[in-house]
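As structure tokens, the structure follows; a few thoughts come after it.
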Amino acid sequence: RSRGLGDVYKRQLRDSTQSDINDNIRIELANSILKYDSLDEESIRVKCQALLRLKRTGIAYMTYKQFVKEYKQILDSDFEESFETFIHEK
């Protein structure tokens with residue numbers, strides 16, 4: 001059941017980038033997805049981008065660094081993209 005709900009959240013998050021949805025809502029959607037899939041790159045990216053627009057640069061960078069750390073722990077592989085490259089992708 002949570003997989004279906006996760007798909008709904010992911011669709012809302014993807015669609016939110018096309019509209020004028022509030023950045024705080026984007027962050028909440030991303031957090032909801034990340035509870036079930038902590039390595040969802042799109043959710044991390046959208047969350048970081050929203051945090052940057054809200055002038056929360058430090059939190060955005062810490063979010064990215066935590067993702068990179070967890071990526072390494074779970075996949076035993078380095079995440080290759082820098083913060084700057086990662087946040088500027090769509």
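Every heavy atom of this structure was used, including side-chain atoms; hydrogens, water molecules and symmetry mates were not. In this text, all values refer to a predicted model and were calculated from it rather than measured experimentally.
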query = Rounded to the nearest 0.5 Å, how far does CZ of Arg53 lie from SG of Cys48?
reply = 11.0 Å
Lys47: which of Asn31, Leu29, Asp23 passes side-chain contact (heavy atoms from CB on, under 4.5 Å) = Asn31
request  = Look at atom NZ of Lys72 and say whether more than 12 heavy atoms of other residues, nucleotides or ligands are closer to it than 6.0 Å.
outcome  = yes
query = Taking all atoms of both residues into account, what is the closest heavy-atom pair of Asn22 and Asn24, and its distance?
reply = OD1-N, 2.6 Å
key: Glu81 CD to His88 NE2 distance, which is reported to the nearest 0.5 Å   = 12.5 Å
ask   = Under 6.0 Å from the CZ atom of Phe83, do we count more than 12 heavy atoms belonging to anything else shown?
value = yes
query = Distance-only, no hydrogens or angles: does the Ser38 side chain make a donor-acceptor pair with backbone N or O of Leu34 under 3.5 Å?
reply = no
Point-to-point distance, once rounded to the nearest 0.5 Å, from CZ of Arg45 to CG of Asp40 = 9.5 Å
ask   = With a 4.5 Å limit on heavy-atom distance, are the side chains of Ile27 and Leu54 in contact?
value = yes
note = So OG1 of Thr85 and CD of Glu80: to nearest 0.5 Å the spacing works out to 11.5 Å
task = Classify the angle between the aromatic ring planes of Phe86 and Tyr64 as parallel (below 30°), tilted (30 to 60°) or perpendicular (above 60°).
result = tilted
query = Taking atom CD1 of Ile87 and atom CG of Leu52, what is their separation to the nearest 0.5 Å?
reply = 4.5 Å
key: Rounded distance (nearest 0.5 Å) linking atom CD of Glu70 with atom CG of Leu39   = 5.5 Å
